[in-house]
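Everything numeric here is computed off the predicted structure, so don't read it as measured data.
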Amino acid sequence: MPHESLTTPTLPADRRVLVIGAGPVGQTAALLLAHWGVPVTLLDSRPERDPIGSKALCQQRDVLDVWDHVGAGRQVADEGVTWTRARTFYRDTELFCQGFVDKGRSPFPPFVNISQTRTEQLLDEQIARSDLISYAWGHHVVGLRQGADSVTLTCETSSGPVDLTGSYAVAAPGSKGGPIRDLLGLTFDGLTFDDQFLICDIRADMPGWEQERRFYFDPEWNPGRQVLIHPCPDSTFRIDWQVPPDFSLEEDEASGGLDRRIRQIIGADSDYEIVWKSLYRFHARQVDRMRVGRVLVAGDAAHLVSPFGARGLNSGVLDAENAAWKLAFVLHGWADESLLDSYHSERHAAAAENLEVTSRTMAFLVPQTPEEHARRLDILEESILDPERRNQVDSGRLSEPFWYTDSELTTPAPDRPWPGRPPKGEDPEPVPGVLVPDVPLTGWPGVCRLRELARRGLLVLVGRAVDRDACEDAVAELGCGVTVVALDAVDPDGVVAASLHLDGRQAVVIRPDAHLAAIVATPGEVGAAVRRVLRR
C-alpha cells in the first residue's frame, strides 16, 4: 500500500502570514496557506465586502481545480454557466468556433462563467470554516517595514492606527494596488489604451446563446469596433462594447443610446433588465519584482492585462497557489528560504507571457496606425473565404496555465524537450514543467484524481523498474514528508502512466501545485530533483 501523504502540523501564531486584499486572489492565498497549517490574517481597506457586478467572471478549468482543493471548486462550477464553444464573427459571418481538448479526465468544464461577487461569497464560506484565518476589514495599509524575520504593516482604521506583524505578507490588493507598490518601491511600467469598453450585465431571454462565448468584429450595431458577449447564471449576459475614448455613459443612457445598443443584440421587442453597468480602460502593465524581501506581490497589483482571454483573475489565482505552497514549505523548514526567489522568476515569467499574448490581441483589436487598420481589415475581409487567413484573426487566446519548463526548480529531460505552445484550446505534452493531466486514481483510498494526491505535498511516483526503497532513502534525510509511492499501487489500470507517457522505467517528481518537476530514471536522480525543487 502507498505511504501516507504529508500531514501538516499547525504553525504557531508568530509564523502568521498577512494577506493584503480580500478579493479572490487574496482569499485563495489565505485558504491554501491554512491548508498547509499556516495562520493567516486577511486584511482589506474596505469596511465590508461590496458585491458589485460580474467583474472577473470567467473561471478556467485549472483554477476551478485549485478551488476544489480548498472546498469551493465544485460549487463554483455547479452554480456557474458552463460554456464549451468560443465563436468569432466578422460582421454577420462566423469565422471559426474554438473547442477545448482535455488530455486528462477533469471533472470540471473548460470554462465556467459566474460573477466575481458570487465567487467571493463561496470562498468566504470556506474561510468561515477555518480556524486559521481571521479577517481584518477596514484596515488601510499606510506603512510597511521589514525586519530579519518579520514584516509589519501599519494600518489606518476607524479606531486609529494599528500595527499588524507577520512572518511574511502576500500583497493582493487588486487593480488599485498603487499605494502598496509605492511602499515596496516597485515600478509598474506598461501601456494604457485610449479606447474605453462599456460593460453591461443584462437579464434577458436569449435562446441558443446560453453556453457559448461570442465575439464580433465590426458588427453593424457597433461599426468599426468590437463586441464580446458572455453567458452568466440566472439568464444574465455580460456584454462588452468597445467605445471611443470620449464616450460618456451618462450621455449615452440619457439619449437612449444604451437602450438601442442592447436591443440591437437581443431584439427590438425583448424585455431586459440592466443588472450592472460600467466603463473601463485596458492596461498592459507589470511590476519589476514580485518578491520584495518578505512580501510577495500577486494578482492585479502585480500585473494588469486586457480581459480578452480571461487571463486576469485566473493568473492571479495561480500566483496565489505558487506563493502559498512555497511560503508554507519555507515556514515549516522543509525548503530553503531561497525557494521564494522562484516565486518571482516563475510568476513574473507567467505575467510576461500573459502580457505578450493579450498585447498582441489588443494590437489587433485596437490598431494604432492607418497601416495597422488597413492590415486588420484585409485579414478580416479575406478570412471570410480563406481559412488560412482566419489563423491571423486574434479575438483572444483563452486562459491557460503557464508552464514552468525553464524554471530553476524543473529538471530538464533530454528526451522530452519542450515542443512549444500547443494549439489553441489544447493541453501541452507531458514534459517537465507542465501541469500534470487530471486523470483518475483507483489505488489510493479517498483520493480520486492525480492532482488531488499531488496537492497533498511533494509527490514521487516510481515505475516498476525503479527501486522505490532506494528512492525513499534518497529523500529521507531532507526532513520533510515527501510522498514516495509505487506508481502501480495508485495506478493499477495504467491511466496515469499512459497520460504521462511512462513505460515503468521512470520516476516522476510532482510539485505541490501539480506541475511536473522531473522525469528521471534512478534513485539518485530522484533525490537530486527533489533537492532542486526545495532549493536544498
Side-chain angles (χ1 to χ4, degrees), residues 12-34 38-53 55-56 116-117 119-121 123-124 127-128 130-188 278 280 283 285 287-304 312-313 316 319-320 323-324 327 331:
D14 63 358
R15 298 285 80 196
R16 177 178 306 278
V17 171
L18 307 175
V19 177
I20 306 168
V25 176
Q27 290 172 296
T28 302
L31 284 164
L32 288 168
L33 285 164
V38 179
V40 176
T41 296
L42 184 55
L43 56 147
D44 197 285
S45 60
R46 296 169 294 176
E48 59 186 3
R49 196 166 293 290
D50 51 351
I52 301 173
K55 294 196 282 190
Q116 181 175 329
T117 292
T119 296
E120 291 171 350
Q121 290 170 347
L123 293 172
D124 272 342
I127 288 171
S130 174
D131 294 332
L132 292 178
I133 305 173
S134 59
Y135 263 123
W137 291 103
H139 282 60
H140 176 59
V141 178
V142 295
L144 187 156
R145 61 185 184 275
Q146 301 195 50
D149 57 3
S150 66
V151 56
T152 298
L153 304 177
T154 298
C155 304
E156 288 182 351
T157 75
S158 59
S159 303
V162 171
D163 281 352
L164 297 176
T165 298
S167 57
Y168 291 91
V170 176
S175 61
K176 301 187 185 304
I180 297 295
R181 289 192 296 268
D182 290 344
L183 289 172
L184 293 170
L186 297 174
T187 62
F188 202 44
S278 183
Y280 65 97
H283 306 273
R285 297 184 179 277
V287 292
D288 54 321
R289 292 171 291 157
M290 291 181 68
R291 180 192 180 191
V292 182
R294 306 183 78 82
V295 182
L296 307 184
V297 189
D300 283 354
H303 41 75
L304 285 173
L313 172 59
D319 288 348
L327 283 169
L331 286 166

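Of the N and O atoms on the side chains of Thr187 and Asp288, at least one donor lies less than 3.5 Å from an acceptor on the other residue.
Considering only residues two or more places apart in sequence or on other chains, Asp300 meets the salt bridge (Lys or Arg N to Asp or Glu O under 4.0 Å) condition with none of them.
A distance-only check finds no donor-acceptor pair linking the side chain of Arg294 to the backbone of Gly147 [under 3.5 Å]. Within the 3.5 Å criterion, the main-chain N or O of Val17 finds no donor-acceptor partner in the side chain of Arg15. The backbone N or O of Ala22 lies less than 3.5 Å from a partner atom in the side chain of Arg49, making a donor-acceptor pair.
The nearest pair of heavy atoms linking Ile52 to Lys55 is O-CE, 3.3 Å. For Ala171 against Ala301, the heavy-atom pair with the smallest separation is O-CB, 4.4 Å. When every heavy atom of Pro12 is checked against every heavy atom of Pro39, the shortest pair comes out as O-CG, 3.7 Å. Heavy atoms only, all atoms of each residue included: Val162 and His139 are closest at CG1-NE2, 4.4 Å. For the residue pair Val25 and Gly316, the shortest heavy atom distance occurs at CG1-O, 3.4 Å. In plain terms, the two heavy atoms of Ala29 and Val170 that are nearest each other are CB-CG1, 4.4 Å.
Taken to the nearest 0.5 Å, the OG atom of Ser158 stands 13.5 Å off from the NE2 atom of His140. Annotation: the span from Ser167 atom OG to Asp149 atom CG amounts to 9.0 Å, rounded to 0.5 Å. To the nearest 0.5 Å, atoms CD1 (Ile133) and CG (Leu31) are separated by 4.5 Å. One distance of note links CG of Leu164 with OG1 of Thr154; it measures 8.5 Å at 0.5 Å rounding. The CG atom of Leu304 lies 6.5 Å from the NE2 atom of His283; values are rounded to the nearest 0.5 Å. Rounding to the nearest 0.5 angstrom, the gap separating the CZ atom in Arg181 from the NZ atom in Lys176 is 11.0 Å.
Applying side-chain contact (heavy atoms from CB on, under 4.5 Å) to Leu18 and the options Leu43, Val40, Leu42 leaves one that passes, Leu43. Residue Tyr135 forms a side chain to side chain donor-acceptor pair (under 3.5 Å) with just one option from Asp44, Thr41, Asp124, and that option is Asp124.
A heavy-atom distance below 4.5 Å is found between the side chains of Val292 and Gln146. In this structure, the side chains of Ser134 and Arg16 come closer than 4.5 Å at one or more pairs of heavy atoms. With contacts defined as side-chain heavy-atom distances shorter than 4.5 Å, the pair Val19/Leu33 qualifies. Side chains of Asp163 and Arg145 form a contact here, defined as non-hydrogen atoms less than 4.5 Å apart. The shortest distance between side-chain heavy atoms of Glu120 and Pro51 does not fall below 4.5 Å. Here the side chains of Ile20 and Val295 are not in contact, with every heavy-atom distance at 4.5 Å or above. Contact of the Val141 side chain with the Pro179 side chain is not registered, since no non-hydrogen atoms from C-beta on lie closer than 4.5 Å. Residues Val151 and Leu144 form a side-chain contact, since some pair of their non-hydrogen atoms from C-beta on lies under 4.5 Å apart.
Surrounding CG of Asp50 are more than 12 heavy atoms belonging to other residues, nucleotides or ligands, all under 6.0 Å away.
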Should Val38 and Leu132 be marked as a side-chain contact (heavy atoms from CB on, under 4.5 Å) after you check the CA-CA gap, both sets of side-chain angles, and the distance that decides it?
CA-CA 7 Å; Val38 179; Leu132 292 178; over 6 Å; no
